[in-house]
Amino acid sequence: MLPATTRRPLRIGIGGMAIESSQFCPHRSTYDDFRVTRGRALLDRYTWTRPDGDLSRTVEWVPLVHAVAVPGGPVERATYDRIRSELTDRIRESGPLDGLVDDIHGAMSVIGLDDAEADLTEAVRAATGPDTLISAAMDLHGNVSRRFAGHLDLLTAHRMAPHEDAWQTRERAARNLVARLVSGKGRPHRAWVQIPVLLPGEKTSTRLEPAASLYGRLATVEALDGVVDAALWVGYAWADEERCRAAVVVTADDPGLALDQAGALARAYWDARRDFTFVGPTGDADDCIARAVASSARPFLISDSGDNPTAGGAGDLAYMLGRLLAHEDLASGRCTALHPGLTDPAAVAACFAAGPGAEVTLRVGGCFSAGTGPHAAPYELTGTVTALADPRPAPGPAAGASGRAPEGAPPGTPRGNPAYDGGGRRAAVTRGGVTVVLTERRTPFHTRADFGPLDPLGYDLVVVKIGYLEPELYAMAADWLLALTPGGVDQDLLRLGHHKIRRPLYPFDDEDFDDPDLTPQLL
C-alpha cells in the first residue's frame with residue numbers, strides 16, 4: 001500500500017541512452033545509429049507499464065526519451081550531447097518526479113569523455129534534483145565507477161550471459177524503485193567495490209563455471225532480510241578507461257550487511273579469476289575452418305569473434321571471408337558455408353543494380369576499417385548474386401507494441417529506424433561453396449528469422465560475426481568453435497594496446513601482483 005501521506009500515484013519517469021562502445025573499433029556511432037523512442041511507444045517497450053498492469057494504480061509512468069543502438073564504435077560527441085540534452089530537458093519539463101528508471105547499458109564511450117555514464121547520470125541527477133530516487137538497469141558488461149554509481153539510489157544488472165534475463169533486469173529495477181517509494185524508507189545503503197579483473201564476455205558466460213556459481217550467489221544474497229539487490233559486473237574489456245574492471249554493488253537497509261556481502265562477493269570473484277575460460281573450444285580462423293570442414297556435425301557454427309558487431313565490432317571485416325575461400329573444399333564447392341553480416345553498403349548497391357543471377361566482381365569489406373591493418377583490407381570477390389532482400393517496412397505506423405525490444409534487432413521491436421530495420425537491404429553472393437550475406441547497415445544475426453529466406457540449416461558451415469552463441473544459434477549448432485579472429489573486439493586483450501586502464505589489472509599484469517584491497521565503500 002501507499003504510505004498514508006500519499007494522496008496521488010507516484011510519478012516515475014523512464015528514459016536513458018544505451019550502447020556498448022569499443023574504443024578499438026574504427027566505426028563511429030552517430031544519431032542515425034540510434035532508435036529513439038518517446039511517448040506511448042516508450043512505455044510500450046515494457047510489460048510492467050501497461051495500463052491494466054498491477055502497478056497502474058500505484059504509478060503514473062512518465063515517458064521521457066530512450067535511445068538505444070546496436071553496439072559499435074565510440075559515440076560522436078554531438079550525438080551524445082543531443083540525446084543528453086533531450087533527456088534532461090524532458091525531465092525538467094515533466095514536473096517533479098518521485099522516481100526515475102534509468103534504462104542504460106553501462107559501457108558507452110563518447111569521444112572526449114572518460115566516463116560517459118557518469119557524465120550522463122550527473123546531468124540526469126541535476127535535472128531531477130536531489131529528492132528523486134533513480135534506479136538504473138544495466139548490462140553486466142557495464143563499467144561501474146564510483147563517480148557514476150554515486151548519483152544512483154538503486155542499480156542492478158543482468159545475471160545471465162547471454163542476456164536471456166535482460167527484460168527481467170529492467171523490471172527488477174522498476175519494481176525495486178516502486179517498492180522503495182511505497183515503503184517510504186528513503187534511500188537504501190549501497191556498498192560498492194571494484195575488482196582489478198577485466199575479462200571478455202566470452203570468458204565470463206554464465207553457462208559455465210565459475211560465472212554460473214558467482215552469479216548464482218546473487219539471488220541468495222538478495223534473499224537476506226534487509227537486502228534490496230545484489231549485482232555483479234564483469235566490466236567491458238574493449239574500452240580503454242580507468243573505470244574498466246569488474247564491480248560489485250550490494251544495496252541494503254543495513255549498511256554493515258551491505259558491506260559484508262559486497263566484500264564477500266568481490267573476494268569470491270577475485271579468487272576465481274584464473275578459473276575463467278572461453279565458453280567454447282577456440283582456434284585461429286584457419287584452424288577452426290579446417291576442423292569444421294573435417295567434422296561430420298552439421299550445421300557446424302563458427303564465431304568470427306573479433307568482428308562481432310553486438311560487442312562493438314565494426315562488422316565490416318572480410319578477413320573470415322578470405323580465410324573461408326582459401327580452403328580448397330569451400331572454394332571448390334565440395335563443402336558449403338554461409339557467412340552472414342558483412343557490412344558494405346556500396347557492394348549491396350552494386351548487387352541490386354546487377355540483379356539476381358548476375359555475376360559481379362566486388363571489393364567487399366573495410367568500409368569503416370580500411371587502413372587499420374592487414375586484416376582490414378577489402379577482399380576482391382567474384383561471384384553470383386543469389387539473393388536480394390529489402391526488409392524495410394512500407395511507410396506507416398510502427399509495428400510491435402509487445403513490450404519486448406531485446407538487445408540488437410529484436411523481434412517485436414518497433415521498426416522503421418535504420419538501426420533496427422534488419423540491416424537495410426541485403427545481398428547474398430555465392431562463390432564456390434561460400435555464400436556471403438552483405439548488409440547495408442551493421443546488423444546482428446542471432447535468430448533464425450535474421451537469416452531471412454536463407455536457411456542456415458542447409459549449409460555445412462555457418463560462420464557468424466558473434467562471440468558466444470545466442471540461444472537460437474546455440475540450439476541450432478550441431479557443433480561449434482570460437483574463432484579468435486582480429487578486429488575491434490579481439491579476444492586477445494593484450495594485443496589491443498590498452499594504455500589508460502588502471503594498473504595493476506588482471507590479466508594484463510603478472511598474476512602474482514599484491515593482493516588487492518577489496519574493501520567496499522558506502523556510496
Side-chain angles (χ1 to χ4, degrees), residues 22 24-25 161-162 199-205 207-209 211 237-238 274-332 334-342 365 369 373-377 379 432-436 444-446 456 459-470 473-496 507:
S22 169
F24 300 99
C25 175
L199 296 169
E202 281 63 37
K203 280 193 172 181
T204 52
S205 171
R207 284 177 177 152
L208 300 178
E209 296 294 351
W238 297 292
R274 296 188 182 96
D275 299 331
F276 290 98
T277 58
F278 281 115
V279 68
T282 64
D284 64 21
D286 289 338
D287 175 58
C288 288
I289 292 168
R291 289 158 66 185
V293 169
S295 172
S296 60
R298 296 292 183 259
F300 198 114
L301 268 67
I302 300 176
S303 292
D304 180 7
S305 66
D307 195 34
N308 172 14
T310 53
D316 72 334
L317 298 184
Y319 175 82
M320 182 59 90
L321 174 63
R323 301 324 305 155
L324 288 167
L325 285 168
H327 193 287
E328 183 179 350
D329 285 351
L330 290 164
S332 66
R334 289 192 296 269
C335 186
T336 60
L338 178 62
H339 182 38
L342 177 58
S369 302
H375 64 277
Y379 181 84
V434 177
T435 296
V436 60
F445 283 73
H446 286 177
Y459 295 80
D460 298 316
L461 279 59
V462 179
V463 183
V464 186
K465 291 183 179 292
I466 199 172
Y468 52 60
L469 298 181
E470 293 295 322
L473 297 181
Y474 189 74
M476 179 192 304
D479 204 347
W480 171 62
L481 288 169
L482 180 74
L484 303 179
T485 51
V489 289
D490 194 327
Q491 298 292 323
D492 187 346
L493 303 183
L494 275 62
R495 70 184 179 188
L496 280 173

Short side-chain to backbone donor-acceptor contact, Thr336 and Tyr459, under 3.5 Å:
no
Strictly distance-based, threshold 3.5 Å: is any side-chain N or O of His339 a donor or acceptor partner for the main-chain N or O of Val463?
yes
Can any side-chain N or O of Ser305 pair as donor or acceptor with the backbone N or O of Ala483 at less than 3.5 Å?
yes
Less than 4.5 Å apart, any side-chain heavy atom of Leu481 and any of Arg291?
yes
Can you find a heavy atom in the side chain of Val293 that is under 4.5 Å from one in the side chain of Asp460?
no
Is it the case that atom CD in Glu209 sees more than 12 heavy atoms from other parts of the structure closer than 6.0 Å?
yes
Evaluate the side-chain proximity of Phe445 to Val462: yes if any heavy-atom separation is below 4.5 Å, no if none is.
no
Shortest non-hydrogen contact from Pro162 to Glu470?
CB-OE1, 3.8 Å
Would you say Leu494 and Pro507 make side-chain contact, with heavy atoms under 4.5 Å?
yes
Starting at CD1 of Ile302, measure out to NZ of Lys465 and round the result to the nearest 0.5 Å.
12.5 Å
Got Tyr319 and Pro374 here, is their nearest side-chain heavy-atom distance under 4.5 Å?
no
Is any side-chain heavy atom of Leu469 closer than 4.5 Å to one of Ser303?
yes
Gap between atom CG of Leu199 and atom CZ of Phe278 - 0.5 Å precision
9.5 Å
Give a yes or no on whether Tyr474 atom OH has more than 12 heavy-atom contacts from other residues, nucleotides or ligands under 6.0 Å away.
no
Val464 backbone acceptor or donor facing Asp304 side chain under 3.5 Å
no
Compare every heavy atom of Thr282 with every heavy atom of Cys288, then report the nearest pair and how far apart it is.
SG-C, 4.3 Å
Sub-3.5 Å donor-acceptor pair from the side chain of Ser205 to the main-chain atoms of Gly201, do we have one?
no
Is a donor on one side and an acceptor on the other found under 3.5 Å between the side chain of Asp316 and the backbone of Ser369?
yes
For Ala297 versus Ala478, what's the shortest heavy-atom pair and its separation?
CB-CB, 3.8 Å
